[in-house]
Amino acid sequence: MSLQNFERVNLLSEHGETEQDELDTDMEKMEKEPEAKVEEEVPWYRTLTPYKLYVLLILLVTYLLNQLDRYMLAISSKAMAQEIHFGDKACMKNTSAQDSDFNGLKCETFSSADSCRNATSNLTHATGLCYYDYNGQGLEYQIVAGPAFTVIYTFGGIFISYAAEKYNRKAMLAACLMFWSVMTLLTGFVKEYWQLVILRFGLGFGESGCGPFAVSILTDYFTPETRGFALGIYNWGIYFGYSMSYAFGNFISLANINGQGWRWTFILSGIPGLAVGLLMLVSLKEPERNQNQLELSGTACQRLGRTLKNFCSPSLLLICLAGSIRNASGYVFAYNTQLYFTQIGQTPEQIGKYLSWIPLVGGSFSVLLGGFISDRLVRRLGLYSRILVIGVSLLIAAPFAAGTLYFDPPGAYFFQIPTYIFGEMWVGITLAVVVELVPSEIKTTAVAAYLFIISNIGGNANLLVPPLAQHFESQNYSKSDSLRYTLFCMYAGPFVFCIPVYFVSMFVLKRDYRRAKRPQYIKMDDK
């Protein structure tokens with residue numbers, strides 16, 4: 001801290017609220033003047049140098065692999081469950097049979113193994129029209145999809161982020177990437193359910209470093225005027241990786257390499273991360289931090305205290321609550337999409353044909369557009385505009401999310417396009433708001449804390465799917481309709497539920513932003 005700022009803070013402590021107001025006014029002027037100067041001298045697009053774009057590309061690929069490896073389980077769960085035996089069993093349609101062979105027969109209506117077999121015993125189809133086996137659903141599946149991954153992912157992110165405040169973030173991100181890639185590769189060799197649980201723990205630990213490290217690096221490489229754009233591009237990785245998981249999980253499984261089906265989807269997904277991690281170590285430079293050594297001082301407990309103090313601000317608490325609600329929707333649908341479309345009669349080829357590109361196109365366009373719009377508006381309307389963009393976009397997306405579940409394919413697939421375009425803008429914009437609401441010296445820890453909160457709440461929402469689906473089944477709904485209505489509640493509903501929470505945060509946003517940017521009093525030695 002400069003002597004001038006030190007004196008200003010001391011004067012503040014001596015003279016009270018009047019000087020506080022004057023200080024805040026001066027700070028606003030100081031903030032606006034340099035920004036105006038930058039606008040006149042350097043247009044925002046000229047700050048995007050080729051090397052910065054290369055860094056953004058490497059981090060985009062890293063996030064792509066993060067999402068690909070995470071969601072491969074959701075696509076392969078049925079084949080995995082039938083081979084290593086976990087989760088629920090059900091009577092299912094034999095997809096090798098022609099639709100005309102069924103003559104109105106619905107396999108899902110049979111609740112036991114005997115009724116499933118007896119219903120088809122007199123039919124002439126060689127392999128039977130229905131079969132009773134593990135369906136890839138149930139509590140054991142939701143455990144490996146949710147808590148087994150999420151708990152270590154969230155707690156690991158908090159502890160890993162402390163190291164990022166002082167040590168080389170590039171090296172630690174590369175190490176995390178290579179570690180979770182090894183976990184993914186080893187998943188292709190599991191023989192027992194407990195092995196899958198352990199590897200999901202390992203995957204969660206490795207992936208926990210991706211968000212805090214990558215976002216911290218990006219915020220140091222990019223200016224506030226281009227930060228929303230950069231975070232939007234970075235968040236393309238969600239949709240690239242998620243779409244690729246449908247391509248890998250469905251088409252590579254169908255290729256049945258060496259007769260090992262789903263196992264090669266994990267092996268081929270894990271290998272690229274090892275190469276990208278090495279490339280990151282060799283070619284990326286650790287950016288200069290936007291803080292000084294004095295701000296980095298303090299133990300991990302002290303930095304945790306500063307982070308918690310900032311997260312106790314009303315605006316951040318409300319944003320975390322809203323993000324948790326919306327994130328629950330995303331997690332629930334991501335881990336149940338393949339299962340839902342399979343239950344309503346879609347084949348792996350049909351699911352892969354659409355979902356290998358729809359999330360990519362819709363989601364990528366969404367985060368880029370959202371980041372661009374919010375960056376432009378924030379310069380005119382202030383930080384409020386980011387929240388406004390989130391609320392309006394989610395309101396537009398909600399009917400399309402419901403349409404995905406109401407209509408039959410292929411219409412259901414196409415309703416996902418506007419759902420992604422409008423419904424995913426919140427991802428990058430919310431991260432930008434979180435970074436702007438905390439002091440620069442704890443932004444990495446703040447990102448980790450934000451991800452910790454929304455992932456623990458949202459990521460464990462999958463545990464509510466089995467009991468809610470069983471409730472609908474007890475009301476004499478079929479398994480497919482029970483899952484459909486469960487997803488109405490837990491996928492489409494949260495699009496609307498989180499909007500009021502976001503809008504309430506706007507009432508305290510400006511005050512908390514000014515507090516975060518205020519010079520801090522730092523006790524000096526008497527020497």
Side-chain angles (χ1 to χ4, degrees), residues 61-87 134 136 140-157 159-160 171-211 213 237 240-242 244-281 331 334-335 338 455 459 462:
V61 173
T62 300
Y63 203 19
L64 178 159
L65 295 172
N66 177 289
Q67 300 297 299
L68 171 64
D69 295 349
R70 180 184 307 186
Y71 290 115
M72 193 58 64
L73 172 72
I75 315 305
S76 306
S77 65
K78 182 177 177 180
M80 293 178 70
Q82 292 178 358
E83 187 169 336
I84 64 177
H85 300 166
F86 67 85
Y134 292 94
E140 287 181 305
Y141 165 67
Q142 300 297 348
I143 286 174
V144 292
F149 173 88
T150 304
V151 171
I152 191 66
Y153 173 78
T154 53
F155 279 96
F159 292 108
I160 286 175
M172 289 186 287
L173 177 57
C176 287
L177 169 57
M178 290 188 282
F179 180 80
W180 89 61
S181 297
V182 170
M183 296 298 103
T184 303
L185 192 152
L186 291 177
T187 304
F189 299 93
V190 297
K191 300 291 186 182
E192 303 287 344
Y193 177 73
W194 65 266
Q195 296 171 347
L196 176 61
V197 173
I198 290 175
L199 290 173
R200 287 289 289 183
F201 268 108
L203 181 71
F205 179 76
E207 292 198 357
S208 66
C210 182
F213 293 148
F240 274 89
Y242 184 54
M244 286 181 64
S245 69
Y246 282 98
F248 273 58
N250 287 302
F251 297 126
I252 293 179
S253 293
L254 290 170
N256 200 23
I257 302 171
N258 291 335
Q260 294 176 308
W262 62 270
R263 295 184 179 276
W264 275 94
T265 65
F266 288 93
I267 295 170
L268 294 178
S269 298
I271 292 174
L274 302 175
V276 175
L278 292 174
L279 179 63
M280 185 183 299
L281 285 172
Y331 266 108
Y335 281 110
Q338 180 90 5
S455 297
N462 286 297

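Just so you know, these numbers use all the heavy atoms, side chains as well, and skip hydrogens, waters and symmetry mates.
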>> Nearest 0.5 Å, please: how far is CG in Leu73 from CZ in Phe149?
In response: 10.5 Å
> Do Val276 and Thr62 touch side chain to side chain, with heavy atoms closer than 4.5 Å?
Replying inline: yes
> Between atom SG of Cys176 and atom CE of Met280, what is the distance when rounded to the nearest 0.5 Å?
Replying inline: 10.0 Å
>> Would you say that Met72 contacts Leu203 through its side chain, given a criterion of any heavy-atom pair below 4.5 Å between the two side chains?
In response: no
>> Please evaluate residues Ser208 and Phe155 with respect to the criterion side-chain contact (heavy atoms from CB on, under 4.5 Å), reporting the C-alpha separation (whole Å), side-chain torsions for both, the decisive distance (0.1 Å), and the verdict.
In response: CA-CA 8 Å; Ser208 66; Phe155 279 96; over 6 Å; no
> In Å, rounded to the nearest 0.5 Å, how long is the span from OG1 of Thr187 to CG of Leu199?
Replying inline: 4.5 Å
> With a 4.5 Å limit on heavy-atom distance, are the side chains of Asp69 and Met183 in contact?
Replying inline: no
>> Minimum heavy-atom separation for Ala74 and Ala334, please, with both atom names.
In response: CB-O, 3.5 Å
> How close do Leu65 and Gly273 get, heavy atom to heavy atom, and via which atoms?
Replying inline: CD1-CA, 3.6 Å
>> Once rounded to the nearest 0.5 Å, what's the spacing between atom OG of Ser76 and atom CD of Gln338?
In response: 8.0 Å
> Can you list every pair that meets salt bridge (Lys or Arg N to Asp or Glu O under 4.0 Å) and has a residue in residues 191-211, with sequence neighbours left out?
Replying inline: Arg70-Glu207
> Taking all non-hydrogen atoms of both residues, which atom of Tyr153 and which atom of Ser455 are closest, and how far apart?
Replying inline: CE2-OG, 3.5 Å
>> Please give me the minimum heavy-atom distance between Gly249 and Thr265, naming the atom from each residue.
In response: CA-CG2, 4.0 Å
>> Evaluate Val182 against Leu186 for side-chain contact (heavy atoms from CB on, under 4.5 Å), listing each step before the verdict.
In response: CA-CA 6 Å; Val182 170; Leu186 291 177; 4.0 Å; yes
>> Between Tyr193 and His85, is the ring centroid distance below 6.0 Å?
In response: no
> Could you walk me through whether Leu177 and Ser181 pass the side-chain contact (heavy atoms from CB on, under 4.5 Å) check?
Replying inline: CA-CA 6 Å; Leu177 169 57; Ser181 297; 3.9 Å; yes
>> Could you check, using the six-membered ring where one of them is a Trp, whether Tyr335 and Tyr71 have ring centers closer than 6.0 angstrom?
In response: yes
> Which distance, rounded to the nearest 0.5 Å, do you find between the CD1 of Ile75 and the CZ of Phe248?
Replying inline: 12.5 Å
> What is the distance from atom CD1 of Ile152 to atom CZ of Phe201, rounded to the nearest 0.5 Å?
Replying inline: 7.0 Å
> So Phe266 and Trp262, would you call those rings parallel, tilted or perpendicular, with 30° and 60° as cut-offs?
Replying inline: perpendicular
> Any idea which heavy atoms bring Asn66 and Cys210 closest together, and the distance?
Replying inline: ND2-CB, 3.4 Å
>> Are there over 12 heavy-atom neighbours, none belonging to Phe86, within less than 6.0 Å of that residue's CZ?
In response: yes
> Yes or no on side-chain contact (heavy atoms from CB on, under 4.5 Å) for Tyr141 and Asn462, after CA distance, side-chain angles and deciding distance?
Replying inline: CA-CA 9 Å; Tyr141 165 67; Asn462 286 297; over 6 Å; no
> Between Met244 and Leu68, what is the shortest heavy-atom contact and its length?
Replying inline: C-CD1, 3.7 Å
